[in-house]
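I have placed the structure first, in the form of structure tokens, so that the comments after it can refer back to it.
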Amino acid sequence: MARCLYAGERRRCRAGEQAAKGRQAGYFSLYSGTAQEVTISRVLARPVMELPPAVQEEEVFTVEYGLDASGSQGGYGHIKAMDITMTYDQAQLEFVSAAAVDGHIVLAQTDSSVPGEIRFIAACTDPEEGFAVDGTVLAVSMRAKQAGAAELGFSKSVASNKTGLESHIPSVSGELQIQP
């Protein structure tokens, strides 16, 4: 894997090195590249997902998605917008609704055109700052369809600050049991 120390640094990979798109190394995440070149972006925070360990069939439950900035590199400032993708087992779960949990955040777009995937665009209405990097961003209501184990996760998330600096957020996923 290519080793780079600074956000935005580009480096050519020598023969035999791996351009590991999407892999994380410490607080740095490889987010784009080819076999010859990769670009490193500092990871803003680690993702946090809260979901119940078990629910009943036909029960509507809430999944919360947020960020934990403890231990991050800092210096990013507040978030102005986020592009968040949630994936789920469509045979086991059904999307009901989503809401931003902070009064300064609006869901500008919710796209569920890809089966088993929902893309959320969250934007901050505060013209000066943005919303805090640390805390819950999104609450998603889901319905349990049938008994069994169900996978759910958030991936391909990107946050942007007021200067347009983007930070790719690592994936987070979990499993819950749907009981009859």
Side-chain angles (χ1 to χ4, degrees), residues 20-24 27-32 41-72 76 78-125 130-161 164-179:
K21 183 175 183 179
R23 290 176 117 172
Q24 185 180 344
Y27 286 110
F28 296 89
S29 175
L30 301 171
Y31 73 90
S32 67
S41 171
R42 180 171 57 189
V43 172
L44 167 69
R46 70 181 182 89
V48 178
M49 179 180 73
E50 292 186 26
L51 70 156
V55 296
Q56 298 295 316
E57 284 181 326
E58 298 303 317
E59 181 180 343
V60 175
F61 62 95
T62 301
V63 178
E64 291 186 346
Y65 174 77
L67 300 173
D68 177 4
S70 62
S72 70
Y76 185 81
H78 287 78
I79 296 171
K80 289 299 279 184
M82 282 189 79
D83 184 342
I84 305 163
T85 300
M86 183 181 85
T87 55
Y88 62 96
D89 181 350
Q90 66 179 5
Q92 300 290 93
L93 302 170
E94 176 185 349
F95 172 70
V96 175
S97 65
V101 298
D102 184 313
H104 295 292
I105 305 170
V106 296
L107 284 180
Q109 182 179 358
T110 301
D111 178 9
S112 58
S113 61
V114 176
E117 184 175 293
I118 301 172
R119 185 175 176 201
F120 305 101
I121 306 295
C124 181
T125 59
F131 56 94
V133 170
D134 209 10
T136 303
V137 176
L138 188 63
V140 181
S141 294
M142 302 292 289
R143 181 182 326 278
K145 289 177 159 181
Q146 60 185 13
E151 289 276 331
L152 189 140
F154 293 86
S155 63
K156 301 185 256 180
S157 298
V158 180
S160 175
N161 69 7
L165 176 65
E166 289 185 345
S167 182
H168 293 252
I169 310 298
S171 299
V172 63
S173 63
E175 182 179 277
L176 72 139
Q177 292 297 318
I178 302 172
Q179 302 170 345

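Side chains included, hydrogens not; waters and symmetry mates left out as well; all remaining heavy atoms used. It should be emphasised that the depicted structure is a prediction, and the values quoted were computed from it without experimental measurement.
- For the pair Val137 and Ile79, the minimum side-chain heavy-atom distance is 4.5 Å or more.
- Shortest non-hydrogen contact noted between Val96 and Arg143 is CG2-N, 3.7 Å.
- Between Leu67 and Met82, the closest side-chain pair of non-hydrogen atoms falls below 4.5 Å.
- The line from NZ of Lys156 to CD1 of Ile84 is 13.5 Å long, rounded to the nearest 0.5 Å.
- From Ile178, atom CD1 reaches atom CG of Asp89 across 7.5 Å, with rounding to the nearest 0.5 Å.
- In this structure the side chain of Tyr88 never reaches within 4.5 angstrom of the side chain of Val63, judged on heavy atoms.
- To the nearest 0.5 Å, atom OG of residue Ser155 and atom CD of residue Glu117 are 6.5 Å apart.
- The distance from the CE atom of Met49 to the CG atom of Leu152 is 5.5 Å, given to the nearest 0.5 Å.
- Counting only distance, with no hydrogens or angles, the side chain of Thr125 and the backbone of His104 share a donor-acceptor pair below 3.5 Å.
- One finds the CZ atom of Phe61 at 9.0 Å from the OG atom of Ser141 (value rounded to the nearest 0.5 Å).
- Put simply, the side chain of Gln179 does not reach to within 4.5 Å of the side chain of Glu57, judged on heavy atoms.
- Contact annotation: the side chain of Lys145 never approaches that of Gln92 to less than 4.5 Å [non-hydrogen atoms, C-beta and beyond].
- Phe95 is listed as a side-chain neighbour of Met142, based on a closest heavy-atom distance under 4.5 Å.
- Arg119 CZ to Ser157 OG: the interatomic distance, rounded to the nearest 0.5 Å, is 10.5 Å.
- A heavy-atom distance below 4.5 Å is found between the side chains of Ile169 and Tyr65.
- Contact check for Thr110 versus Ile118: side-chain heavy atoms found under the 4.5 Å cut-off.
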